[in-house]
Each structure stands twice: as C-alpha cells, then as structure tokens.
Amino acid sequence: MSSIRQHPLGGGGHQLLDYLKRMQAENPAFFYAVQNDNDHSAGNIFWADATSRVNYSNFGDAIILDTTYKTNRYRMPFASFTGFNHHGLPVLFGCALILNEAESSYIWLFRTFLQAMSGHYPVSITTDFDPLIQVAVAQVLPPTRHRVSTGSIFRETRERLAHLWLSNPDFETDFRKCVNESETIDEFESYWPSLLEKYCVMDNEWLQSMYNARHHWVPVYLQDTFFGEISIMDKNECLNAFFDGYVNASTTIQLLVRQYEKAVLTWHERELKADYDTINTNPLLKTPSPMEKQAASLYTRKIFLKFQDEFIETMANPATKIEDSGTITTYRVAKFGEKTKSQIVTFNSFEMKASCSCLMFEYSGTICRHILSVFRAKNVLRLPSQYVLKRWTRNAKAGGFSDEHASEFPSSSGDSVTVRYNNLRQEAIRYVEEGAKSIQIYHVAMKALNEAVKKVAAVKSQSIGTAGGDTVSNGERDELIAADEDVHSYQSAEEKQKKIRELTAELETTNQRCEVYRANLLAVLRDMEEQKMNLSVKVQNARLSLKE
C-alpha cells in the first residue's frame, strides 16, 4: 500500500469551497469537484472555469501538470494543468489542491480532469518526477505519451547524489550535456556509459533506474511526439510558467483565489495583446518568396517569426540529393562547413510530404529548415496544408478541438452544457470580431443581436413552467461532490424571469461599451484622416518647392 502524504487544508478551505460554489452558480460551465472519503483521501479539490475548458478544446493536445508548488521551498499543495496557446503563451486548463498525496488521489484527479474536458485525451502530458503520478497516468491516460520534466530529474538527481555533486563540480555540467545536447539516440547511448565511467558510478542504482526510464525524460527519445512547444530546444526544465510569481511559499489557501484570478487576468491580457499585434501589424518580410508571405498571413506573429527564422536558414543549409527512387527522393541537409552534422530528409513528390530526421515538426508542430530546404530544391512555392497546424494559426480558436489530433481523442461529451457554452462562446467571439471591422457592419450586427435577444427571451418565456428541466451535473455522485446544488434554483419561473432581466441588463451594458468603442474608433479614424490630409499637403508643398 502506497504511503499518503497529507497537507491540512486549514480554515481557508471553506472560503475556497464557497468561492467555487459561487462561481458554479453564476456559470453552469464552471466545473469543480471534491473527492470523497474513501482511501483516506478526503478533501482533494479540482476546478476549471469555462474559459479553461474552452482553452482545452483548442489547445489541449499537449498538457502540463505542474505540482512543483509542494516541493522544495513551496509548501502549497497546489497543482495546475496548463499548456501553450497559438501565441506560444502559457494557457490554463484547470487547477487542483492535492491535500492527500496518494496513488488514488492522482487517479481521481486525472479521471476528474478528463470528465471536465468531455473525455478528450491529450496527445502528451508532461509532469514532475513522482512515482505516484506515473502510475496514475499509465492507468487513466493509456493513449497519452507521458514525459517527465528534465528539471525535476535534475533536482532529484542532485538530492540523491549530493556527495557526487559536491565532490565533482563538473558532474552536473557533463550530466546536463549528455541529456540536453545529444542530438540522436546513438549519441546519447554512447555518451551515457562514458559519463558513468568517468565519475565511477557504473553501479549506482539511481542512475541505472533513470537510464531504464530514459524513454520518459531524455529529450532525444521524445522527439517523435507532439508536446506543444515552439522549439525542440525547450528542455522543459521549468513547468510553473503560468503561476510563477503568483503562488509561492507565503501563499495561503485564503490568498490562493486572489492570486489565481490575478494570474488568469494577466495571461488573458497578454493573449489579447498578442492577438492585437498579430491582427493589426504586418511582419517584415525578408524575402520575395510567396511561401513566406503565405506563412505571415496564416500564423500568429510569434509562430511566424519562428517559421521565418527557419526559412532564412535554408540559405545556409542546402539540400543535397543522395538517393532518387522516382516518387521518393532522399536528401542530406547540412550547414555550410559542417559536414559532420547533417539531417536526412525524405520527400514524397506525389503526396507532397517530407519527413526529417530532426523530428522538429513532429515535436513542435513547426516546420524545420531542413524540410524547407528540400522544398526550395523542389521548387515548392507554398506550404502544403499538412505542415500548417491549425493550433498555431490566427484561426486556432475557430471550431473545436485541434483538427490535427481530433481523431486521437476519444470523446464522450454528448450534447452537454459545456459543449453548448463553448460553441456559443466561439460564435459570439467571431461575431464580435466581424462586427467591429466597420461602422456599417457594426450597425447591422447590433441590430441582429438585439433581434436575437428578443427571440431568445421569447423562447425562454414559453419554456417557463414546463415540468422537469435539465439538471447540470459537474460530477458522478458516487465519486464526486460536484457542486450541483445551486443549479436547481433556476427551475422556478420567478428565478428564470430574474435571470432574463439580469441578462438583458448585461446586454445593455455591453451595448453601451460597444458605443464607447465605436466612438473611440471614429475618433481614431478622424485623426488618421487629418494626418493623411496634413501629409498630403506637406508632400504637395515639397513638390512645389522642388519645381521652383
């Protein structure tokens, strides 16, 4: 039987639960659950707000479970599920308090997470080193590739081999070089025994166990799986990017909610800024290539810059044909002057598909310089569609779960409240974006929106008094205490009317904000016209001066 590491919840627990109940009552798509009393694991809590669940539907192909807050200098039993959005920024999927660390707790956590995300399995998950988590992932997420962060491996190795760390200062440097700088499996397999022999640790049990588990943490063994990171050089030593600076050793349960909301707001604002930069500014193109222009129009700004770096590098990395069997051609791609380091690219001209030995596309979803060099050699002027992952594009949020990996995720979602909420939210966002493009479209959109509100209100009025009604459930009652109590309060006619009035008031407030935005936009347009007029006058005066 596995040991149980307990963290008392303290007085702040009731405040947290009250907060979660209130949030769920305000929005049925807010999910939270508390584990039951079985297996001595009472009190574990998981929650995911509506935005987090929408985030997962778009970017949940690669997830990170960060539990570092309970280790080292942190004592908060806090855990977060995060990933990367289309700008390469951290994005939140859900949070948890693991008050009783046991195998059953993590099994419950992953099952609850899957339930909140409508049964969609991620392609990959990255976690800290923890045998309890490893067992739970294998049991609950069998189709998901599990990676253990190198950062947690380095920390664990430092603790277990403290004497070696102190007596041989160079060991850490050599150890990290072996792990992070091995470009091929053969290179790692050659470097590892040399490392152990150099420091006389061939029989060390810990290092032997780490070698046996190398497929779960050594980067070179994981390059064939998508992990949602922009660069294959991201060694993932630090997991807590989303809450870094918000949750630390001094964070109490009482303070957690406030810090959680601050972090969510901060990253939301950063995403909005990244959206604005992508939509409203044009990147500088460095070549006349139609492929570069195509990429600039498809990708978000940060992903395009990553593509552009790889594209420019093709000029210094020529492709040399080494075998041609008709449909399939094989190339060696190497940088000028570096014959020892090269990559092999095979190109299928019939299917317009290429695969590279560096596996950068498989790992990060962004195309490498080696394949791009072959495209140059074959005069491929536009990126084939299979090399443009939707999750990295400007339209990443249009639709649902990433199309590239949709077939890999079993779903049991059905026609749930969450699905309806997500669909409506995505359509509303698209509607707002289109409606703000011009004054004419804005007026048409506002008129249509007002008519839609009246129709929705009429349908809701007709449904008042109908027997029964849907009950929103955020969990299975035999395992989860899932905060369904407040949902029943919406069943009475009076409460439904009250809700309609609240929504109407909210819509009116939104309309007023839109008017303010419209006025600001008109002011900006007038300023632009005045500047254009002034510039035109200056140009005209300059021409007259030149003629004189």
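Less than 6.0 angstrom separates the ring centroid of Tyr363 from the ring centroid of Phe227. When ring centroids are compared, Tyr221 and Phe188 come within the 6.0 Å threshold.
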With salt bridge (charged side-chain N to carboxylate O under 4.0 Å, His left out) as the criterion, how do Glu229 and Arg147 come out once you've worked through the C-alpha distance, each side chain's angles and the decisive distance to 0.1 Å?
CA-CA 13 Å; Glu229 296 169 1; Arg147 175 178 68 170; 2.7 Å; yes

Should Trp47 and Tyr260 be marked as a ring pair (Phe, Tyr, Trp, His ring centres under 6.0 Å) after you check the CA-CA gap, both sets of side-chain angles, and the distance that decides it?
CA-CA 12 Å; Trp47 73 92; Tyr260 159 82; 5.8 Å; yes

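Just one residue in the list Tyr32, Trp108, Tyr56 forms a ring pair (Phe, Tyr, Trp, His ring centres under 6.0 Å) with Phe113, and that residue is Tyr56. Of the residues listed (Val140, Asp130, Val135), the one engaging Tyr106 in a side-chain contact (heavy atoms from CB on, under 4.5 Å) is Asp130, and it is the only one.
Distance SG/Cys95 to CZ/Phe243: 4.0 Å, rounded to 0.5 Å.
Salt-bridge check for Asp309 with Arg369: failed, with every basic side-chain N at 4.0 Å or more from each acidic carboxylate O. Electrostatic pairing of Glu189 and Arg214 counts as a salt bridge here, judged by a charged N lying under 4.0 Å from a carboxylate O. Between Glu172 and Lys177 there is no salt bridge, since no side-chain nitrogen of the basic residue lies less than 4.0 Å from a carboxylate oxygen of the acidic one.
Annotation: Asp203, atom CG; neighbour count of heavy atoms from other residues, nucleotides and ligands within 6.0 Å does not exceed 12.
Counting heavy atoms from C-beta outward, Asp174 and Tyr199 have side chains that approach closer than 4.5 Å.
For the residue pair Thr346 and Ser355, a side-chain donor N or O sits within less than 3.5 Å of a side-chain acceptor on the partner.
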